[in-house]
Amino acid sequence: MLCFPSSGLHLLPHHGNSHSPTTQSPTPDLLHNFNTPFELKQVHAHLIKTNTPLSTLPLSRAAFVCALTPSFAYAQKILERVEKPDIVFWNSCLRTFAEGDSPIDAILLFYKLRQFDVFPDNFTCSFVLKACTHLLDILNGRIVHGYVEKLGLQSNLFLQNMIVHLYALCGAIGDARLLFEKMSQRDVVTWNIMISQLVKRRDIEGAYDLFSRMPDRSVRSWTSMIAGYVQCGKPKEAIHLFMKMEEAGMKPNELTVVAVLAACADLGALDLGRRVHVYSNQSGFRRNVHISNTLIDMYLKCGCLANARRVFEEMEERTIVSWSAMIAGLAMHGQAEEALRLFSEMIQIGVKPNDVTFIGLLHACSHMGMIDKGREFFGSMTRDFGIIPRIEHYGCMVDLFSRAGLLQEAYEFIMNMPIKPNGVVWGALLGGCKVYKNIALAEEAIRHLSALDPLNDGYYVVLSNIYAEAERWEDSAKVRKFMKDHGVKKTPGWSSIMVDGVLHEFAAGDESHPQAEEIFQMWGKLLQKIKIRGYVPKTSVVLLDIEENEKETFLFRHSEKLALAFGLMKTPSGRPIRIMKNLRVCEDCHAAFKLISETVDREIVVRDRNRFHCFKDGSCTCRDYW
DNA sequence: ATAGGGTTAG
């Protein structure tokens with residue numbers, strides 16, 4: 001039943017050692033970490049030689065040696081000399097082990113205690129349970145649970161909470177739930193444990209059900225729930241709950257701030273993000289690295305590169321997350337050179353990059369067509385930093401080649417990948433096939449994509465587009481029929497814009513907005529202005545079998561155009577316009593926005609699915625390469 | 001003496 005730790009524990013003295021123990025000085029490490037009676041003797045001898053009182057001996061270590069070698073009276077004698085070990089003493093040993101880097105020692109010691117006629121109490125159990133938690137050791141956890149029942153400690157809330165936590169953490173959510181349901185009393189910690197564990201398992205509905213049923217909610221309850229919504233891709237719900245939290249008079253803490261800022265990043269909710277930033281500083285959270293990192297990400301994803309940079313520069317201590325976020329953000333904003341410069345600065349001061357850092361770097365390269373640099377980083381990643389490329393890195397490389405028109409190289413790269421390509425990888429190739437009009441390779445990509453990711457409409461839409469551009473209308477129609485037959489629905493495009501703290505959302509062709517008429521008139525005026533400057537509607541992006549003038553109607557009702565017209569109507573001149581879109585920005589809108597930015601002299605920032613487009617003075621930061 | 005969250009990419 002009992003097994004001994006594998007961590008270099010020697011049960012017998014080193015008989016082969018010809019030196020007398022007293023002739024050797026123990027290393028400083030050994031003074032605290034002796035594992036055998038022999039080593040204990042060495043330490044003891046050292047204490048005598050240096051005239052150090054015996055009480056300086058690390059007792060928990062002595063107890064450990066003693067407990068594991070009860071036949072060796074020496075260790076026991078030392079213990080007896082120092083103090084009479086009672087349950088409190090043993091508990092503090094257990095605690096030391098449980099919180100140290102070898103928690104298994106606590107479990108071993110626990111099983112040994114009965115040989116010393118020591119009976120565990122609630123503290124004993126709590127420390128062993130803590131050890132089980134650190135080890136994710138549900139088997140020993142269940143045994144300790146049995147002891148808790150046998151010892152009549154089942155009404156101890158601390159222990160019950162720890163057991164519920166342990167079960168859930170080890171994946172036995174059913175057992176955790178059962179125990180939770182039959183507990184005679186629960187406190188806020190019990191509820192919070194269940195909520196955060198359900199969130200961890202992506203059961204956000206289950207978590208909210210408990211949240212709404214619990215009698216008292218602490219800041220932690222609110223924060224777990226808000227963070228849960230963010231993790232489950234529901235940032236609106238997260239922000240809604242944050243508002244409720246404020247209404248309830250709860251004071252957000254550091255973790256709440258991180259969660260809300262993450263939600264703001266996802267939603268592009270700059271106003272709230274700024275407000276939370278101010279609150280965070282007022283609350284004295286300025287030096288919190290997690291908060292600063294999330295702030296950087298929030299500002300980047302809201303299109304405020306300068307603010308992100310300021311937060312980054314003002315940090316006293318940066319982690320790899322800070323650097324990676326900044327590099328990825330610069331890539332998103334089309335500032336590849338600056339991203340690369342930041343990377344070399346980081347290497348120069350000795351910060352070690354991780355896999356995420358390289359995803360950002362490779363993005364920077366592919367967005368700017370820096371093929372050789374990208375190849376270099378991909379090679380250096382493993383060679384110089386020992387990072388094994390993940391599927392995301394392969395995806396970046398295929399994207400890099402495909403965007404640059406090196407379709408054959410991209411295809412061969414996929415064929416030679418040591419891991420199975422996923423939808424993102426083939427999708428990147430497909431994207432390149434559209435730009436460089438390679439129908440055969442696009443069909444090959446679709447063959448893989450329809451097997452890998454059959455419900456993703458985006459790929460079929462691209463293929464249908466490719467056929468349409470080649471004026472192969474029948475094939476284009478076939479793709480759309482295929483989608484219809486297989487129940488693949490085209491994701492409706494939408495764009496949004498925040499005006500005076502209110503989020504306005506527009507779908508393509510949307511006439512439901514209360515000010516729809518004014519918006520259309522505004523667009524009409526803009527259209528006149530840009531037509532003078534040479535704008536020609538690119539009706540080929542409209543994939544409908546209709547008359548040319550009808551196509552224009554569709555084209556002019558694209559969601560990003562509606563959002564822009566509305567933004568220009570509602571915001572003071574000179575102020576930048578920020579628009580978010582769920583899909584990639586349309587080619588025609590891109591051309592139109594460039595001209596509009598010039599005619600109305602406004603900066604227009606569009607965050608699309610992949611990156612930022614910042615239109616200013618007639619050009620875009622993507623340099624039309626996206 | 002004992003219990004419960006965090007950041008980059010995807």
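Here the structure is a predicted model, which is why all the values come from computation and not from measurement. Proteins come first, then strands; the chains are lettered A, B, ... in the order of their sequence lines, and each starts at number 1.
At a threshold of 4.0 angstrom between heavy atoms, the contacts of Asp297(A) are confined to the sugar-phosphate backbone, with no base atom among them. Here Ser218(A) lies in heavy-atom contact (under 4.0 Å) with a base. Using a 4.0 Å heavy-atom criterion, one finds that Val199(A) contacts no nucleic acid atom at all. In this structure, Ile291(A) reaches the bases: a heavy-atom distance under 4.0 Å links it to at least one base atom across the strands shown. Backbone-only engagement by Ser196(A) is indicated by non-hydrogen atom pairs under 4.0 Å involving sugar-phosphate atoms exclusively.
Residue Gln197(A) has its side chain nearest to dG5(B) when only dG6(B), dA3(B), dG5(B) are considered. The side chain of Phe158(A) lies closest to dA3(B), out of dA3(B), dG5(B), dA9(B). Side chain of Glu254(A), nearest nucleotide from dT8(B), dG5(B), dG6(B): dG6(B). Out of dT2(B), dA3(B), dA9(B), the shortest distance to the side chain of Asn156(A) is found at dT2(B). Residue Val258(A) places its side chain closer to dG6(B) than to any other of dG6(B), dG10(B), dG5(B). Comparing dT8(B), dG10(B), dT2(B) by their closest approach to the side chain of His363(A) singles out dG10(B).
Side-chain contact of Ser283(A) with Ser280(A): a donor-acceptor pair under 3.5 Å is absent, judged by distance alone. Residues Asp399(A) and Ser402(A) have side chains that never bring a donor and an acceptor to within less than 3.5 angstrom of each other. In the model, Thr124(A) has a side-chain atom that pairs as donor or acceptor with a side-chain atom of Asp121(A) under 3.5 Å. In this model, a donor atom of one side chain and an acceptor atom of the other lie less than 3.5 Å apart for Tyr167(A) and His145(A). With 3.5 Å as the limit, one finds no donor-acceptor pair spanning the side chains of Tyr394(A) and Asn422(A).
Glu338(A) and Arg309(A) are joined by a salt bridge, as a carboxylate oxygen and a charged side-chain nitrogen come within less than 4.0 angstrom of each other.
Listed pair Lys130(A) / dT2(B) fails the phosphate criterion, with no side-chain N or O lying under 4.0 Å from OP1 or OP2. The side chain of Lys301(A) places an N or O atom within less than 4.0 Å of a non-bridging phosphate oxygen (OP1 or OP2) of dA9(B). Distances shorter than 4.0 Å separate none of the side-chain N or O atoms of His290(A) from OP1 or OP2 on dT8(B). Between Arg95(A) and the phosphate of dT2(B), there is a side-chain N or O to OP1/OP2 separation shorter than 4.0 Å.
Atom CZ of Arg609(A) is separated from atom P of dG10(B) by 11 Å (rounded to the nearest Å). Rounded to an integer number of Å, the gap from Leu295(A) CG to dG6(B) P is 18 Å. Rounded to whole Å, atom C1' of dT7(B) lies 15 Å from atom CD1 of Ile359(A). As a whole-Å value, the separation of Phe97(A) CZ from dA1(B) P is 20 Å. Straight-line distance from the CG atom of Asp266(A) to the C1' atom of dG10(B): 12 Å, rounded to whole Å. Taking atom CE on Met298(A) and atom C1' on dT8(B), their separation rounds to 15 Å, with Å as the unit. Per the geometry, CG belonging to Leu255(A) stands 5 Å off C1' belonging to dG5(B), to the nearest Å. Distance, Leu179(A) CG to dA3(B) P: 18 Å, rounded to whole Å.
By the ring pair (Phe, Tyr, Trp, His ring centres under 6.0 Å) test, Phe127(A) pairs with no residue at all, sequence neighbours left out. Under the rule for a salt bridge (charged side-chain N to carboxylate O under 4.0 Å, His left out), Arg286(A) has no partner lying at least two apart in sequence or in another chain.
Side-chain N/O atoms of Asn288(A) and base N/O atoms of dG6(B) include a donor-acceptor pair closer than 3.5 Å.
Shown here, dG6(B) is classed anti by the O4'-C1'-N9-C4 or O4'-C1'-N1-C2 angle, which is more than 90° from 0.
Within residues 302-324 of chain A, the residues having any heavy atom closer than 4.0 Å to DNA chain B are, in order of number, Val321(A), Ser324(A).
Annotation: Trp222(A) is in aromatic contact with Phe211(A) [ring centroid separation under 6.0 Å].
No aromatic stack links Phe123(A) and the base of dT2(B), using centre distance under 5.5 Å and interplanar angle under 30°.
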